[in-house]
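All chains are named by letter (A, B, ...) in the order of the sequence lines, taking the proteins before the strands, and each is independently numbered beginning at 1.
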Protein chains: 2
Amino acid sequence: MPRQVDHDERRRQLTDALLRIASTRGLQAVSMREIAAEAGVSLRVVQYYFTNKQALLESGLTELGARMDRRVKQRAAATAGELTPRGVFAAVLGVILPSDEQSRLDSMAWTAYYTAALTDPALAAVGLTLPNALENFLTARLAAAQQAGDIAPDRDPRTEVAGLLALANGLTSSVLSRQRSHEAAIEIIDYHLDRLFGPASTLRPPPG
Amino acid sequence: MPRQVDHDERRRQLTDALLRIASTRGLQAVSMREIAAEAGVSLRVVQYYFTNKQALLESGLTELGARMDRRVKQRAAATAGELTPRGVFAAVLGVILPSDEQSRLDSMAWTAYYTAALTDPALAAVGLTLPNALENFLTARLAAAQQAGDIAPDRDPRTEVAGLLALANGLTSSVLSRQRSHEAAIEIIDYHLDRLFGPASTLRPPPG
DNA sequence: CTTGTATGGATACAGTCGTATCCTAACGCG
DNA sequence: CGCGTTAGGATACGACTGTATCCATACAAG
């Protein structure tokens with residue numbers, strides 16, 4: 001066997017280059033040649049590691065989902081002790097909102113992909129997986145919290161989750177277009193969480 | 001003077017064709033030739049009535065804004081008598097959400113434009129005008145309602161409006177991607193309006 | 001009727017796009 | 001040491017893009 005290159009690593013470099021372009025100049029600025037230039041390789045290399053532009057695009061969307069997933073886990077881990085139901089929601093919704101520069105860029109790319117998915121079924125299949133999983137996860141958590149008496153019994157968990165996710169997504173849009181600051185968005189989220197759960201506490205109260 | 005053509009009418013036809021393409025196949029499918037084909041005219045005609053592709057795109061965005069504006073006014077007019085503050089909010093937020101097939105198409109186009117505006121300052125300037133005006137309008141209305149005692153005095157009108165608009169936009173996204181039905185979205189909006197105002201009444205109660 | 005201008009048909013241009021092909025250099029294995 | 005496969009450089013193809021140009025026609029004004 002001749003010289004071996006780590007294909008996964010190469011694909012990751014190219015996917016990162018793609019996402020840098022998509023998040024700064026939009027998905028319509030993404031071309032095979034632009035990706036090559038951004039990654040500092042030749043066009044042939046891009047073609048060699050991805051059969052299609054379509055495959056490249058889907059790889060970008062998958063990577064975005066993986067990043068979001070990583071952020072949620074790392075935020076959950078950063079909170080010492082067990083999370084309250086409210087803590088779980090604050091973590092997930094806080095990850096959806098753009099906070100630092102990198103997550104702002106990722107949100108830009110995510111928005112671009114979301115729009116593209118509206119007229120591209122292949123992208124829609126890949127892109128809706130994470131949001132649906134997120135909604136189901138939060139709904140299950142909220143239903144459990146309701147059983148435990150943490151929220152009022154007359155609330156419908158699925159409706160509440162749908163509203164909160166829509167709120168977070170809408171706020172993300174307004175933060176990206178600089179209509180609102182990150183802090184203002186967080187404040188609105190917290191306000192709504194206060195109405196759903198009691199006043200704020202991220203940690204589960206000590207038993208007894 | 002030779003044969004005169006109504007330029008405004010011609011431009012309107014072309015803009016409509018553009019929006020039909022953008023709402024069904026996305027903004028990236030919009031080309032001068034596609035617009036010509038969709039409108040049933042030659043490429044030259046498109047060039048003749050619009051100096052630029054950029055001008056054409058901005059015309060499309062302006063038209064979308066005008067349609068939204070028309071819908072709000074017509075919904076307000078459809079409600080007999082004077083609108084309560086809640087009625088105003090229900091009308092505006094109800095217009096943002098896609099209801100019939102046409103408003104779904106317009107929402108698709110609007111979403112495409114919104115995303116494009118994130119990386120195109122010229123579009124952003126045109127596209128943010130209406131949302132900002134809407135936010136200011138609703139904020140003023142809500143502040144007045146607060147003065148009149150229609151909502152609790154501890155609410156911040158600007159924050160409430162920002163949250164409601166973000167919610168409506170986020171719900172629009174989820175309706176477009178068929179994660180949620182129009183009815184479910186309306187229900188969530190009504191639920192949040194109930195929490196802000198009292199229980200639902202669109203008409204102002206008779207004086208005395 | 002002639003004339004000048006508004007309208008639009010036909011065609012061309014230089015770029016850019018995704019994809020395909022040809023060929024060479026590098027290198028692990030027998 | 002070659003042999004064969006992998007990694008990529010170089011180049012080309014046809015399609016499509018926005019824009020420009022040339023020219024014909026139609027029609028209102030003189």
Side-chain angles (χ1 to χ4, degrees), chain A residues 1-22 24-61 112-113 115-117 119-123 126, chain B residues 1-22 24-61 112-113 116 119-123 126:
Chain A
M1 289 294 166
R3 172 167 51 128
Q4 283 290 5
V5 172
D6 185 337
H7 280 228
D8 286 342
E9 168 64 14
R10 264 279 198 244
R11 276 194 269 264
R12 204 191 49 75
Q13 291 173 5
L14 295 172
T15 303
D16 284 354
L18 182 164
L19 290 179
R20 280 198 297 278
I21 299 171
T24 53
R25 286 178 285 155
L27 218 40
Q28 88 289 345
V30 170
S31 75
M32 306 286 274
R33 284 164 236 259
E34 281 296 324
I35 293 172
E38 175 70 28
V41 299
S42 75
L43 169 61
R44 184 63 176 88
V45 172
V46 181
Q47 281 188 286
Y48 190 75
Y49 290 96
F50 288 95
T51 59
N52 257 344
K53 187 185 182 182
Q54 186 69 23
L56 205 23
L57 288 177
E58 290 174 14
S59 167
L61 187 46
Y113 267 109
T115 301
T119 52
D120 181 340
L123 285 183
V126 180
Chain B
M1 288 294 166
R3 172 167 53 128
Q4 284 289 6
V5 172
D6 186 336
H7 280 227
D8 285 343
E9 168 63 15
R10 264 276 199 248
R11 275 194 273 263
R12 204 190 52 74
Q13 290 173 3
L14 295 172
T15 303
D16 284 355
L18 182 165
L19 289 179
R20 279 198 298 276
I21 299 170
T24 52
R25 285 178 286 156
L27 219 40
Q28 88 290 346
V30 169
S31 75
M32 304 287 274
R33 284 166 237 259
E34 281 296 325
I35 294 172
E38 174 70 30
V41 299
S42 75
L43 170 61
R44 185 63 176 88
V45 171
V46 181
Q47 283 188 285
Y48 190 77
Y49 290 95
F50 287 95
T51 59
N52 258 344
K53 187 184 182 183
Q54 186 68 24
L56 204 23
L57 288 177
E58 291 174 14
S59 167
L61 187 47
Y113 266 111
T119 52
D120 182 340
L123 285 183
V126 181

Distance col, row B/Ile35:CD1 vs B/Thr15:OG1, nearest 0.5 angstrom, shows 8.5 Å
**Message:** Side-chain N or O of A/Ser31 versus OP1/OP2 of C/dT16: is the shortest distance under 4.0 Å?
**Reply:** no
Between CG of A/Leu27 and P of C/dG18 the distance, given in whole Å, is 11 Å
For B/Ala37, the side chain to side chain contact (heavy atoms under 4.5 Å, CB included) test, sequence neighbours excluded, returns none
A/Asp16 meets the side chain to side chain contact (heavy atoms under 4.5 Å, CB included) criterion, sequence neighbours left out, with A/Arg12, A/Arg20, A/Glu63, A/Arg67
Is a donor on one side and an acceptor on the other found under 3.5 Å between the side chain of B/Asp6 and the backbone of B/Glu9? yes
In this structure, NZ of A/Lys53 is separated from CE of A/Met32 (nearest 0.5 Å) by 8.5 Å
With a 4.0 Å limit, can you tell me whether B/His7 has a side-chain N or O closer than that to the phosphate oxygens OP1/OP2 of C/dT7?
yes
Rounded to whole Å, the CD-C1' distance (A/Gln28 to C/dT16) equals 14 Å
To the nearest angstrom, the CD1-C1' distance between A/Ile35 and C/dG18 comes to 11 Å
Salt bridge (Lys or Arg N to Asp or Glu O under 4.0 Å) filter on A/Arg44, not counting sequence neighbours, yields none
The reported gap from CG in B/Leu27 to CG in A/Leu27 (rounded to nearest 0.5 angstrom) is 12.5 Å
From NZ of A/Lys53 across to P of C/dA20 the rounded distance in Å is 15 Å
Separation of C/dG8 atom C1' from B/Met32 atom CE, nearest Å, is 14 Å
Per the under-4.0 Å heavy-atom filter, residues of residues 37-52 of chain A near DNA chain C come out as A/Leu43, A/Arg44, A/Gln47, A/Asn52
To the nearest angstrom, the CD1-P distance between B/Ile21 and D/dT17 comes to 10 Å
Between the CZ atom in A/Phe50 and the CZ atom in A/Arg11, the distance rounded to the nearest 0.5 Å is 6.0 Å
So side-chain hydrogen bond (donor to acceptor under 3.5 Å, both in side chains) across residues 27-37 of chain A, not counting sequence neighbours, yields A/Arg25-A/Glu34
B/Arg10 atom CZ is separated from C/dG8 atom C1', nearest whole Å, by 9 Å
Please enumerate all protein N or O atoms sitting under 3.5 Å from an N or O of nucleotides 13-15 of chain C, with distances to 0.1 Å.
none

